[in-house]
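Notes follow the structure.
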Amino acid sequence: MREQLLITASSILLPPNPSPNPLNPKSYALKRFTLLPKKPCPPPPSPGPPLLSDVSRHPPPDLRLGYYADLASKLASAGRIDDFLMIAESFLATETDPSRFIDFVNVELVSAGISRFLGDGKLRTVVEALGKIEEMGIRPSSLLDGSAKQSLASECRKLVDGGRIEEFVELMESLAGYGFSVKEFVEPFAILKICVKKRDPHMAVRYASIFPHAPILFCSIIQEFGKKQDLVSALIVFEASKWKSDGPNMYVCRSIIDTCGLCGDFLRSRCIFEELLAQNITPNIYVFNSLMNVNGHDLSYTLHVYNHMQTLGVAADVASYNILLKACCLAGRVDLAQDIYKEVQHVASTGALKMDIITYSTTIKVFADAKMWQMALKVKDDMLCAGVNPNIVTWSSLISAFANAGLVEQAVNVFEEMLLAGCEPNTQCCNILLYACVVACQYDRAFRFFRSWVKSGFPNTRGCGGNIYAQLSAKNTGNSGATCVSHHIIDPHQVSFSKVVPFRPTVATYNILMKACGTDFWRAKALMDEMRMLGLYPNHRSWSILIDVCGKAHNVQGAMQAFQNMRNAGITPDVIAYTTAIKACVENKSLKMAFLLFEEMKRYLIQPNLVTYNTLLRARSRYGSLQEVRQCLAIYQDMRKAGYSSNDYFLKELLEEWCEGVIKNSELGPVQMTYPSCSSGKPKTDKPQSLLLEKIAVLLQKDFVKGSSVDLRGLSKVEARIVVLAVLRMIKETYNQGKPIEDDLIIFTGVGTGSGCSESEVQGALIKVLLR
DNA sequence: TTAGGGTTAG
């Protein structure tokens with residue numbers, strides 16, 4: 001066979017017509033004519049089929065094509081791909097329709113040859129040959145049968161296994177262009193994951209672009225980068241995706257917005273949204289929902305987006321409302337959440353949407369957080385009426401409604417009701433119940449629950465008809481009036497249990513238990529050790545709680561040691577750990593240490609927050625020296641600079657006490673301070689930005705020097721009096737330190753805006769003070 | 001293709 005195929009190029013290029021050929025053209029011609037049902041011969045010019053002898057003498061084009069194709073096929077099967085290509089090329093130079101060549105080629109033979117090449121590891125040669133075939137206008141993929149395609153795919157996979165992703169992608173680009181279905185070679189998602197793992201967004205885009213459903217793949221890549229917190233790469237994919245299509249794809253936009261949220265860059269999500277609007281593109285509901293969701297912590301922005309959506313005529317769906325409810329929940333806006341809940345109930349009544357379990361659960365959480373457990377129960381009834389069964393999240397929110405209100409018994413009842421309803425508890429849910437015990441200071445009860453759960457787990461009611469709600473809901477179906485299921489009617493005897501669901505505590509569980517240690521430092525420490533034994537690592541919260549336990553036990557040393565151990569354990573103290581440590585110091589009169597911690601956190605660029613400032617400002621219930629006043633005023637000013645508003649009333653009271661000290665001229669006894677709540681007890685002179693405090697802060701921060709002046713403009717007579725007293729006390733303190741002051745003090749008394757006093761009134765008040 | 005629950009400082 002092989003000898004028969006030894007044909008020189010020149011002999012191949014000689015036209016076969018009309019000379020005989022070495023491969024028995026007669027039998028070949030007969031074979032080809034009978035084997036070509038798809039390409040019927042041109043209709044015979046005369047009635048009756050042509051005679052075989054006529055065909056041999058004047059072979060029609062198909063016959064010549066068949067001859068060459070068959071010859072080429074046999075050469076290919078013998079591993080002579082170059083010869084195959086040469087024949088194909090020489091013939092096709094005269095053929096007007098190259099694609100017809102395929103119809104005559106013996107794909108089985110060609111495939112056998114190609115498989116042999118692939119088996120010898122000559123992948124490149126095969127791909128180059130396929131490239132040449134493509135250049136001739138022949139679709140390369142149609143030359144390979146299933147088996148050859150599998151061999152090709154297997155060779156390509158070897159590149160992936162060898163980590164040669166770039167070569168693989170390049171190959172896939174070529175093969176896709178040659179008509180191969182490359183997604184069958186290797187699962188596309190697997191390749192994309194490798195690109196993401198290598199942090200190569202460009203390669204991922206290049207590979208995804210091969211496929212007609214590229215936008216979906218772009219979404220996957222963006223999401224995968226998001227999971228790795230790699231927003232930069234995700235944005236590269238997003239930008240590249242824009243160039244691959246006519247305009248931004250809504251799927252891709254939604255993905256990048258979600259990813260911005262996942263990576264904590266919500267401002268970027270807003271920019272992407274603005275870009276869409278700038279291009280006059282109306283985002284779809286998914287884009288709007290994702291944008292609102294990512295910015296859910298900023299209620300005003302979320303509402304702005306919601307309004308914008310309505311302006312553009314994009315109808316809100318149930319997810320939109322759920323997100324709005326979540327935003328209200330985060331902002332603690334029960335009032336607004338109630339309005340939205342009513343609105344969504346109304347829309348649902350028109351049939352435009354159906355409230356789902358998330359709508360109900362989120363609303364229950366809003367009420368739970370606000371300790372409005374009655375309202376939470378009302379929503380639970382609403383959901384049962386609507387035929388929606390509570391799930392573990394709903395039950396958890398209900399339990400937390402009672403937990404936050406300090407109602408342990410009710411929390412336990414709901415927990416048991418949940419078990420009876422056939423809902424399997426998870427650790428988060430159990431943690432809420434433990435937390436309920438802690439809020440109500442039932443510490444022993446928390447430990448009893450914990451030990452019993454660890455020992456026995458929970459009964460599994462799945463698959464044994466335990467879900468009472470499902471049963472009742474099914475019974476209610478078809479009733480004309482709504483039959484609501486109250487939370488009291490469960491009969492425990494209806495339910496049978498089987499098997500056991502184990503309880504697996506988490507770090508959060510132990511943290512709650514540590515809180516349940518009250519002031520027992522050693523117990524809390526033992527729990528930390530127990531955590532480690534279970535392979536759980538104490539986190540920021542664990543350490544902060546331990547510090548707090550020490551603080552409450554009046555053990556400042558222990559608190560400082562715990563603070564240090566936190567660092568030693570590799571956990572950098574955050575603002576909460578610092579604030580807790582500061583609190584431990586403040587409550588135990590270690591003020592110097594408290595202020596040192598404050599200085600330290602600022603040195604480490606940990607921004608104090610409102611709680612930190614308030615903890616520090618309340619460190620003193622009276623001020624002793626000028627230095628102490630200065631320290632507090634500095635914190636006050638720092639706080640204002642950071643954008644926090646302070647409890648001016650409290651600070652003012654302390655300052656006034658201090659200032660009055662100059663008149664009383666005696667050591668002040670302990671001052672009994674009352675802490676006014678936000679809603680009551682505010683003096684009339686209180687202004688949003690206290691001019692008085694600002695003036696005193698500025699005055700007291702610098703030493704009294706020649707030419708010092710006091711500007712009382714804008715202050716009431718009471719305030720002006722305090723300022724003057726402050727200056728006098730400062731002078732007194734300075735004098736007591738042995739520094740006599742002989743310079744004059746200039747006082748400006750012009751009445752500014754908003755003081756409500758005349759200049760003479762202020763002056764009168766001052767003279768009274770100064771003459772004392 | 002979205003969206004929901006737990007523990008820390010006041």
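Lettering of chains follows the sequences in order, A, B, ..., and the numbering in each one begins at 1.
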Using a heavy-atom cut-off of under 4.0 Å over every strand shown, decide if [X] touches base, sugar-phosphate, or nothing.
{"X": "A/Asn539", "value": "nothing"}
{"X": "A/Ile545", "value": "sugar-phosphate"}
{"X": "A/Thr506", "value": "base"}
{"X": "A/Thr580", "value": "sugar-phosphate"}
{"X": "A/Ile357", "value": "base"}
{"X": "A/Asn426", "value": "base"}

Closest to the [X] side chain, choosing from [options]:
{"X": "A/Lys515", "options": "B/dG10, B/dT7, B/dG4", "answer": "B/dT7"}
{"X": "A/Ser396", "options": "B/dG5, B/dG10, B/dA3", "answer": "B/dG5"}
{"X": "A/Lys326", "options": "B/dT2, B/dG5, B/dG4", "answer": "B/dG4"}
{"X": "A/Tyr286", "options": "B/dT2, B/dG5, B/dG4", "answer": "B/dT2"}
{"X": "A/Asn293", "options": "B/dT7, B/dT1, B/dG4", "answer": "B/dG4"}
{"X": "A/Arg541", "options": "B/dG5, B/dG10, B/dT7", "answer": "B/dT7"}
{"X": "A/Asn289", "options": "B/dG4, B/dT2, B/dT8", "answer": "B/dT2"}
{"X": "A/Val393", "options": "B/dG10, B/dG5, B/dA3", "answer": "B/dG5"}

**Any A/Lys365 side-chain N or O less than 4.0 Å from OP1/OP2 of B/dG4** =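 For A/Lys365, the contact criterion (side-chain N or O under 4.0 Å from OP1 or OP2 of B/dG4) is not met.
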For [X] and [Y], which heavy atoms make the closest approach, and how far apart are they?
{"X": "A/Met383", "Y": "A/Ile357", "value": "CE-CG1, 4.1 Å"}
{"X": "A/Pro538", "Y": "A/Ile571", "value": "O-CD1, 3.1 Å"}
{"X": "A/Cys585", "Y": "A/Val556", "value": "SG-CG1, 4.2 Å"}

**Asked** For A/Tyr435 and B/dT7, is the gap between ring centres under 5.5 Å while the planes differ by less than 30°?
**Response**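 No; centroid distance or tilt outside limits.
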**Asked** Is there a donor and acceptor pair, one atom on the side chain of A/Asn614 and one on the base of B/dA9, closer than 3.5 Å?
**Response** no
**Asked** For the side chain of A/Arg254 and the base of B/dT2, is some donor closer than 3.5 Å to an acceptor across the two?
**Response**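 Per atom types, no contact qualifies.
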**Message:** So that I know where these two stand, are A/Phe288 and A/Tyr306 an aromatic pair - ring centroids less than 6.0 Å apart?
**Reply:** no
**Prompt:** Cationic tip of A/Arg523 within the cone over A/Tyr443's six-membered ring, i.e. under 6.0 Å and within 45° of the normal?
**Reply:**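 Negative - A/Arg523 is either too far from the ring of A/Tyr443 or too far off its axis.
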